[in-house]
Amino acid sequence: MQSFNLQSLLRPHILSITPYSSARDEYTGTEGVFLDANENPIGSTVDQGAYNRYPDPHQWAIKQRLAPIKGVRPGQIFLGNGSDEPIDLLVRATCTPGQDNILIMPPTYGMYEVSANINDVAIIKIPLTPNFQVDIEAVLAAITPTTKLIWLCSPNNPSGNLLQADAIRTILEAAQQSLVIVDEAYIDFAQTPSWTAELDNYPNLVVLQTFSKAWGLAALRLGMCFASEDLIAVLNKIKPPYNISAPTQALALEALSHEAEKEEMVTKILAERAILAENLRSLPFVQAIHPSDANFLLVQFNEAKATFEHLIEQQVIVRDRSKVKLCDGCLRISVGTNDENERLLAVLRTMDTAPVSTDLPLGTGDEATKPELVSNT
Ligand SMILES: *Cc1c(COP(=O)(O)O)cnc(C)c1O
């Protein structure tokens, strides 16, 4: 079997690109008179804080603190403007438009496909199985010599479940000419270790995480990408020089010293998820609640569209996934606070006289006929 070679995976011109060299790259000291970056020396036009100096282009303070938390080396970390940025950079670093392809397993997160489309990169789609696991034989058969990226999302959005570790490992071992990306946006809500622990075993492994979910910092736009030092160096070479703003860096650093608070919020959200699932299960027009390792539930309703619209009318907004393949009749519901979940349930309870669809099997209201929410413990 051919072994992994990063050089041959990258677009040829990326190897020879000379990156922009910023003022903060050329002089990295912190003391002195800084007349090298055409900044405003006097101050900022805002009342709070001084933002007149460009931020650290490599966010070393965050990486130094994040590395021990994640069990990786600082050089294995790339920080992006949301996960969207590393998703796009990975496509641009490896896929020649009109020539290479990526492989995705729908139903999954939409940005992998969008980034490929923006870059005119072909997409191979191998659907997950009906219980939202990897169709391993079909995936292995579909990989071509020009498949540069294989996207796995675990826990998967919109289904909520973790993908089986064996399947991920099989792909990592088989796909030696591709990067295998495991998007772990929801890993803090799952009871399994992160794939970051395997980075030194698999040079083709890339792990994505984010500050947007468990850390409660979606507005900051800060995504994490973990991979080999060699691949991270490539991403650094092609990123916009100052991609993470100074306020974002400062707030992320503060967040990292409040890891216990993150864990407390996760515990609360998981407790609310269990209560919400139990209450949803008692509704006669709920057909199934898919097992979740994340902070949302994929719920199948007799009349998804009508339910969605009824909720909207009462200003309860959920995500309509009912037309997505393998998600027939499903709404994706984020776990809210207890009050928010109670409001959702109260609105749903005013639905129970709604007509029942004829094209789906009828819910009996008997709990035994509904899939149980799988406990993570
Ligand atoms: C929410 C989410 C992200 C996070 O995206 P950001 O750009 O970091 O906010 C990434 N992947 C998946 C699957 C998600 O659901």
Side-chain angles (χ1 to χ4, degrees), residues 59 62-63 66 70 77-92 102-116 118 123 125 127-128 132-134 149-163 168 179-190 192 194-196 205-227 235 239-240 243-245 247-249 251-252 255-256 262 265-266 269 273 290 292-298 317-321 324 326-327 330-336:
Q59 312 98 26
I62 303 176
K63 289 177 185 175
L66 190 56
K70 298 294 179 183
I77 306 174
F78 173 87
L79 297 173
N81 182 7
S83 304
D84 304 332
E85 187 171 31
I87 290 170
D88 179 66
L89 290 178
L90 286 163
V91 174
R92 285 197 281 146
I102 67 158
L103 192 153
I104 64 170
M105 297 168 215
T108 192
Y109 188 48
M111 277 310 290
Y112 319 138
E113 180 164 5
V114 169
S115 271
I118 291 170
I123 302 162
K125 295 183 187 178
L128 293 171
F132 302 115
Q133 289 298 332
V134 176
L149 303 177
I150 300 173
W151 294 94
L152 295 152
C153 187
S154 182
N156 185 49
N157 180 1
S159 56
N161 60 291
L162 283 161
L163 301 180
I168 297 178
L179 290 177
V180 178
I181 302 134
V182 185
D183 184 344
E184 295 185 332
Y186 301 98
I187 192 66
D188 302 87
F189 301 101
T192 50
S194 165
W195 281 89
T196 49
L205 171 62
V206 180
V207 178
L208 298 183
Q209 294 184 10
T210 181
F211 283 89
S212 295
K213 307 285 159 62
W215 291 91
L217 295 168
L220 286 194
R221 310 307 303 126
L222 190 60
M224 300 169 252
C225 174
F226 306 98
L235 299 181
K239 79 181 180 75
N243 60 328
I244 308 298
S245 76
T248 296
Q249 293 194 38
L251 289 167
L256 290 174
K262 185 226 8 168
M265 289 197 283
V266 166
I269 292 165
R273 185 183 73 190
H290 291 283
S292 174
D293 299 293
N295 64 339
F296 58 87
L297 294 169
L298 187 69
I317 300 96
V318 299
R319 200 87 198 262
D320 183 2
R321 304 279 83 179
V324 173
L326 297 177
C327 300
C330 286
L331 303 179
R332 195 195 68 192
I333 303 174
S334 304
V335 177

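These numbers come from a predicted model, not from an experiment. Each ligand, and each atom within it, is numbered from 1 in the order the structure gives.
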Measure the shortest side-chain to side-chain distance between [X] and [Y] over non-hydrogen atoms and say whether it is less than 4.5 angstrom.
X	Y	result
Cys153	Tyr186	no
Leu220	Phe211	no
Leu256	Trp215	yes

Exercise. Among Gly80, Ser83, Pro155, which residue places a heavy atom closest to atom 5 (O) of ligand 1?
Worked result: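 Answer by nearest heavy atom: Ser83.
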Problem set entry | Side chain, backbone, both or neither: the part of Asp84 lying under 4.0 Å from ligand 1 by heavy atom |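 Near ligand 1, Asp84 shows its backbone as well as its side chain.
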By number and element, which atoms of ligand 1 are closer than 4.0 Å to a non-hydrogen atom of [X]?
X	answer
Ala185	2 (C), 3 (C), 10 (C), 11 (N), 12 (C), 14 (C)
Gly82	7 (O), 8 (O)
Asn157	13 (C), 15 (O)
Cys153	13 (C)

Problem set entry | Nearest heavy-atom neighbours spanning Phe296 and Ser292 |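 Minimum heavy-atom contact is O-OG, 2.7 Å.
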Give the residue, atom name and distance (to 0.1 Å) of the protein heavy atom nearest [atom].
atom	answer
atom 11 (N) of ligand 1	Asp183 OD2, 2.6 Å
atom 9 (O) of ligand 1	Ser212 OG, 2.6 Å
atom 14 (C) of ligand 1	Lys213 NZ, 3.2 Å

Problem set entry | Option from Asn243, Thr248, Thr210, Asp84 for which side chain to side chain donor-acceptor pair (under 3.5 Å) with Arg221 holds |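 Exactly one pass, corresponding to Asp84.
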Exercise. Contact between Tyr186 and ligand 1, counting heavy atoms under 4.0 Å?
Worked result: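 Yes; Tyr186 lies near enough to ligand 1 that a heavy-atom distance drops under 4.0 Å.
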Exercise. Is there a heavy atom of Arg221 sitting under 4.0 angstrom from any atom of ligand 1?
Worked result: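 For ligand 1, residue contact (heavy atoms, under 4.0 Å) with Arg221 is present.
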Exercise. Is the shortest distance from a Lys or Arg side-chain nitrogen in Lys125 or Glu113 to a carboxylate oxygen in the other one below 4.0 Å?
Worked result: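 Yes, charged N to carboxylate O under 4.0 Å.
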For this session: Spell out, as yes or no, whether a donor-acceptor pair under 3.5 Å connects the side chain of Gln133 to the backbone of Leu162.
Result: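 Yes, because the side chain of Gln133 sits within donor-acceptor range (under 3.5 Å) of the backbone of Leu162.
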For this session: Kindly assign one of parallel, tilted or perpendicular to the pair Tyr112 and Trp151, based on the angle between their ring planes and the thresholds 30° and 60°.
Result: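 It falls in the parallel class, under 30°.
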